2 protein chains.
Amino acid sequence: MATPRWRQLADRLAAQIADGTYGPGDPLPYIRDLVEQGEGSKALVHQAFRALEAEGLVVSRRGKGTFVRRQRQQVRREPQRRYQWEKDRALLPEEERAKTGATEFDTGLELPELRFHSRYTTIPAPPQIARRFDVADGTLMLCRRYWTSSRDEDAPLSLIYSWLVHEVAAQNPDLLNQDNEPWPGGTMNQLLTIGIEVDHIVDEISTRSPNTEETEILALDSGVPVLILKKTSIDTNGKVAEYSEVALPGDRTQMAYTIPLKRWKKN
Amino acid sequence: MATPRWRQLADRLAAQIADGTYGPGDPLPYIRDLVEQGEGSKALVHQAFRALEAEGLVVSRRGKGTFVRRQRQQVRREPQRRYQWEKDRALLPEEERAKTGATEFDTGLELPELRFHSRYTTIPAPPQIARRFDVADGTLMLCRRYWTSSRDEDAPLSLIYSWLVHEVAAQNPDLLNQDNEPWPGGTMNQLLTIGIEVDHIVDEISTRSPNTEETEILALDSGVPVLILKKTSIDTNGKVAEYSEVALPGDRTQMAYTIPLKRWKKN
DNA sequence: GAGTGGTCTAGACCACTGT
DNA sequence: CAGTGGTCTAGACCACTCC
């Protein structure tokens, strides 16, 4: 089929954004003006604008107009450094651990008006989770949901589901109480209190469109996907100690990994 | 403002998809039927359906109906293994190198009807690229664009921009000729022919909505984001030897990294 | 040909922003 | 208050699928 007129209009505007005719923060023409100029009915022009918004190119503000989206500053996450830092920190005395948290490590922000939300639930393992831990379907799990937010609108956020085998976590009853969050020293220290040392961590990264909850909590603009980080911590016995799924705002997050390579022998 | 009726309808259908009322592959009610049932005008119901499509939950087929999207099988990429494998292979004699390519490594597919597309251009470095290589703005660069495609509709794809300093690549004129693609042994072998050994690689991963070109070449369904892999190869002198940006289909790609941690000392 | 989703119009009203 | 984007309707026509 021929390209619909709303697509043609959207592509034309997208090209003008790409070539700088409309720069970041600039206003696009008003919908009503484009209708008057014969681009089509209001619904048609509006559909073109919604497409541009879904593609992350523009933002519309009711009563003001439509503007070219500014690229948001990205937070660079380096799990290789972060996980080792977290593990080292887990052994320190509590006063030391309390000084700075993982969120500050990721963002570089001081700890200002950070609010910490958490909700713990105990539920039977769904099939996918049971498979990760190599336990029977329905094994009781401790499912911890949490996120940090800040008054700063710019503050990067993450939305986390973390899973532990309930029977294991219950060895230290403090771990079952959500009011103990944020736990000084993080998950590595929590695991230490029940005699578990993490040997290595596997990060799996994918992406998808956000659901309505993620859109709301992460304050995502329309059209922004989420990065999904599935993090599996394996202990020194080869067992899965903890598994978490982290949703990260796609327009503010960059994951970075360094891969060293073996040197070729000299000839 | 109150939630618009099209959002309410979309959320209600999304909830029914989530709870299994409509399973993968199942048809949703017809738009016209929902209109008759008083859900709203056709445009309103249609807008709800487009929202569900943009969120990746359903696909619409003209003349047939609207169906719950099936989750696509994901290809797991393990750069730590792949890059070392690529480096090891670069030293092999040509007959050995020709046996299997990087695409087969990623996908596990045999090399059936793979078609290889490439386009080389020589252009002055844009600011971002110049900064990566730490060269002056406008330094001549060899920009290589390529992708592999397959008759199999299921075949996973990637769309790549790769950059080299032109003056460096020109030491082996064969590297400037796009008809030599696919080069047996890959980029590591190409670099070897001009005396460069890669010491380590930095992967940076982000995500965004696809542009129209990526949507077309990667055959992305509506609402599917792309994973962006920015890969920087650093040689044994600490210089950037090659830089590439890879667009990967978000519904078919998973990146996996393993992070070993130092053991705690025994008490 | 009957039924599906997709496009498009003309116009109404609402919610919000500025002055 | 005028002007903006967002919602919604009623109806027309088009492109495609299946019988």
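Proteins come first, then strands; the chains are lettered A, B, ... in the order of their sequence lines, and each starts at number 1. None of these values were measured; they are calculated from a predicted model. Side-chain atoms are counted along with the backbone in the values below, which use heavy atoms only and exclude waters and symmetry mates.
Rounded to an integer number of Å, the gap from CZ of A:Arg50 to P of C:dG6 is 13 Å. Remark: P of D:dC13 and CD1 of B:Ile31 are 20 Å apart, rounded to the nearest angstrom. The nearest whole Å value for the distance from the CZ atom in B:Arg61 to the C1' atom in D:dA15 is 15 Å. In this structure, B:Phe49 places its CZ atom 15 Å from P of C:dT7, rounding to the nearest Å. Rounded to whole Å, the distance from CH2 on B:Trp6 to C1' on D:dT9 is 17 Å. The interatomic distance linking A:Leu13 (CG) with D:dG5 (C1') rounds to 15 Å, in whole Å. Straight-line distance from the CZ atom of A:Arg62 to the P atom of D:dG5: 11 Å, rounded to whole Å. The nearest whole Å value for the distance from the OH atom in B:Tyr30 to the P atom in D:dC18 is 11 Å.
Salt bridge annotation for A:Glu204-A:Arg132: present, with a cationic side-chain nitrogen under 4.0 angstrom from a carboxylate oxygen. Ion pairing between a basic and an acidic side chain is recognised when a charged N comes within 4.0 Å of a carboxylate O; A:Glu53 and A:Arg61 show no such pairing. Under 4.0 Å is where a charged nitrogen must lie from a carboxylate oxygen, and between A:Arg145 and A:Glu213 at least one such pair does.
The residue A:Arg32 sits close to a base: some heavy atom pair falls under 4.0 Å.
Mapped onto DNA chain C by nearest heavy atom, B:Gly63 and A:Gly63 fall at different nucleotides, with B:Gly63 at the one closer to the 5' end.
Residues of residues 39-47 of chain B having a heavy atom closer than 4.0 Å to DNA chain D, listed by number: B:Gly40, B:Ser41, B:Ala43, B:Leu44, B:Gln47.
A search for ring-ring contact (aromatic ring centres under 6.0 Å, His included) contacts involving B:Tyr257 returns A:Tyr257, not counting sequence neighbours. Considering only residues two or more places apart in sequence or on other chains, B:Phe133 meets the ring-ring contact (aromatic ring centres under 6.0 Å, His included) condition with none of them.
Of the listed residues (B:Asp251, B:Leu248, B:Val226), just one forms a side chain to side chain contact (heavy atoms under 4.5 Å, CB included) with B:Leu218, and that residue is B:Val226.
Here A:Lys64 reaches the OP1 or OP2 of C:dG18: one of its side-chain N or O atoms lies under 4.0 Å away. Between A:Arg5 and C:dT9, a side-chain N or O to OP1/OP2 separation shorter than 4.0 Å is present. Between A:Arg7 and C:dG6 there is no side-chain polar atom (N or O) within less than 4.0 angstrom of OP1 or OP2.
Counting only distance, with no hydrogens or angles, the side chain of B:Thr21 and the backbone of B:Ile17 share no donor-acceptor pair below 3.5 Å.
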